[in-house]
There are 2 protein chains.
Amino acid sequence: MTNNTTETKMLLAVDCIIFGFDGENLKILLIKRGFEPEKDKWSLMGGFIKANESLDEAANKILLQLTGLNGVYLEQLYAFGDPARDPDERIVSVAYFALIDIHKYETQLSDRYHAEWFLVNEMPGLVFDHGQMVEIAKQKIRYKAALHPLLFELLPRKFTIPQLQSLYEGVYNTKIDNRNFIRKLTSTGLLIKLEEKDKSNSKKGAFYFKLDKKKYKAKFQAFLNFIPNPENLIS
Amino acid sequence: MTNNTTETKMLLAVDCIIFGFDGENLKILLIKRGFEPEKDKWSLMGGFIKANESLDEAANKILLQLTGLNGVYLEQLYAFGDPARDPDERIVSVAYFALIDIHKYETQLSDRYHAEWFLVNEMPGLVFDHGQMVEIAKQKIRYKAALHPLLFELLPRKFTIPQLQSLYEGVYNTKIDNRNFIRKLTSTGLLIKLEEKDKSNSKKGAFYFKLDKKKYKAKFQAFLNFIPNPENLIS
DNA sequence: CCAAAAGTGTTGGAGTTACACCCATGC
DNA sequence: GCATGGGTGTAACTCCAACACTTTTGG
C-alpha cells in the first residue's frame, strides 16, 4: 500500500441474495426499490456499511430487517466493484447469499419493503448488476451443494425425502433416481427418521425426517477427488 | 438500500497473496512495508482502489507493479471488513490471490518494494490481518486444487511429473503414491510429453511435459459428487 | 558397479449407476 | 378397486487405492 492521503473514499454496500424453499421450488426474495434511481424496479435487499460495522454484521442486519431472522446460513459471495455498476455514484457492493427456511420468514415484513418471493426461474429483471449477483449466487450454490449438504439449510425442521429430492431436482434442473438418491442420503447418516408422515402429497404419506445437527456440522466439509484421502491430510 | 446521503464513505483497498513454485516448494511473495503504521514489518502487496478502477483492475495493477507480470491467474478471494483491522482508519480490503510461474517474476523489482519470497511454511508474521488472509488463501487453494487442475498455473511451460508431485505433496503436506498420481494425471489428458528430459535431479532424467491448454480450459471445471452426472446437467 | 530417482501393472474393494415392482391409502 | 405417490433390492460396472520391482545412467 502506498500513501493514502490522496486516495478516494467511496460508499460500500452489502446486498443479500435470499433463497428459500417452499417444499417444491427454490425461490428468491426481492424487494421493490422505493427510491431513485431505478425506483419501483425489483432489487435485492441491501444497505450501506456503517463506519463501525463489519461486513458480516451489515449483512446480518439487512437479513434481519427484511426477514425477521437471525442466525441463518449467510455466506459472503463476491465483491462487485465495476465503477459503472451504479450509474449515479461509485459504490462497491459485497454480496452475501442466505439460505433460509421460508416458513420462518415473517410475512408481515413484506409490506414494509414491498418484498415478494419469486421462483428463481421466473424472476423479473433486476436493477444495476443484481441480476449478475443472483447468477453468481446460483452458480455457487450449485457448485457447493454438489459436494456438501448445503441445501439442508433451506429445509424446515422436519421434511420428507421426496421434498428434498424435488429441491435437488430444481436446483440442478435434472431428474434423480429416487432409490439412488435415498441410498446416498441415508449413507451420510445425517437424517433421523421420525414417526410422523406428511400426507399432503399422497395417500400413502411420506415419512418426515429431521437433521442430525451434530453429524451435519461434523460432515459438512467432507468431499473427494484429486487427493487420495482428503480427510486424512496431515495439516 | 436506504437513502445514502448520510452514509459513511471509506477507503477500499486490494491486497494480493502471490504464490509461486520453485520446482520444489510453494512460496509466497511478501514486501517489507515502507511506511507507518507497522513500518518495516512484512506485508502483502496492496493498494487503494481509485475512483474509476474496478476491483479486478486494481488487483492486476498491483500484481504488475510487484512482479512485472500480466495475464496470470488472479482470483478474488474474500472481502475483509472488520472495523478494527487497520488500527488507524477504516479500510475494507478485498483480497485476491495470484498463482504465478516464479521463473517469470522479474527479480529486479524486488529492490523497489523490498520484496522477498518465503516458503509458505516458514513465513514471518504479517501486519494487520494479512496473516489471516494468507491462511484463507491457502485453504481455498487446497480446496480448489483437490477438484481442479489449479496448481498447473504455478508451473513453467515445461515441467516434470516428479516436480508436479512434489508441488501437490507440499500443498497438501502428504505423501502421494507416484503410480496412482501419474495415472490420474495422464487420464486427464491435460499433459503433452516432450522429448527432452530434466537431468538436474537424477541420472536417469525425468521427461518434461507441457500443458495442453485447450483441454485445460475445457476441463477446468469438471468434478463430481452429490449429483449423478454433473456434466450432463440440463442447464 | 552402485546409488538415486524415474518409470511401470495388477488386483481387490468400494462406490455408483441402472433398472422395475410392490405398498399403502383416500377417494 | 384403483389411481397416486412412496418405498424398496440387486447386479454390472467403474473408479480408486494399495502395493514392489525394474530401468537408467552419472559418478
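All values below were derived from every heavy atom in this structure, side-chain atoms included, with hydrogens, water molecules and symmetry-related copies excluded. Within every chain, numbering begins at 1; the chains are lettered A, B, ... in the order of the sequence lines, protein sequences first and strands thereafter.
- B:Phe80 is linked by a ring pair (Phe, Tyr, Trp, His ring centres under 6.0 Å) to B:Tyr78, counting only residues two or more places apart in sequence or in another chain.
- Across the protein-nucleic acid pair, A:Asp177 atom CG and C:dG15 atom C1' stand 15 Å apart, rounded to whole Å.
- Following rounding to the nearest Å, B:Tyr208 (OH) and C:dA5 (P) show an atom-to-atom distance of 17 Å.
- Contact of A:Arg183 with C:dG15 (side chain to base): no donor-acceptor pair of N or O atoms is detected under 3.5 Å.
- When side chains are defined from C-beta on, A:Leu167 counts as touching A:Leu154, because their heavy atoms get closer than 4.5 Å.
- Within the structure, salt bridge (charged side-chain N to carboxylate O under 4.0 Å, His left out) pairs that include any residue of residues 59-69 of chain B comprise B:Glu53-B:Lys61 (at least two apart or interchain).
- The interatomic distance linking A:Phe181 (CZ) with C:dG15 (C1') rounds to 17 Å, in whole Å.
- For A:Arg179 and C:dA20, a side-chain-to-base donor-acceptor distance below 3.5 Å is present, hydrogens and geometry of angles not being considered.
- Residue pairs meeting the salt bridge (charged side-chain N to carboxylate O under 4.0 Å, His left out) criterion with at least one member in residues 110-123 of chain B, sequence neighbours excluded, do not occur.
- Applying the side chain to side chain donor-acceptor pair (under 3.5 Å) definition to pairs two or more places apart or across chains, those involving residues 97-108 of chain A are A:Asp101-A:His103, A:Tyr105-A:Ser110, A:Glu106-A:Gln108.
- In this view, A:Tyr216 and A:Phe220 satisfy the ring pair (Phe, Tyr, Trp, His ring centres under 6.0 Å) rule, not counting sequence neighbours.
- Remark: A:Asn201, A:Ser202, A:Lys204, A:Gly205, A:Ala206, A:Phe207 in residues 191-207 of chain A come within less than 4.0 Å of DNA chain D through at least one heavy atom.
- The nearest whole Å value for the distance from the CG atom in A:Asn180 to the C1' atom in D:dA11 is 13 Å.
- Contact annotation: side chain of B:Asn178 to base of C:dA6, donor-acceptor pair absent below 3.5 Å.
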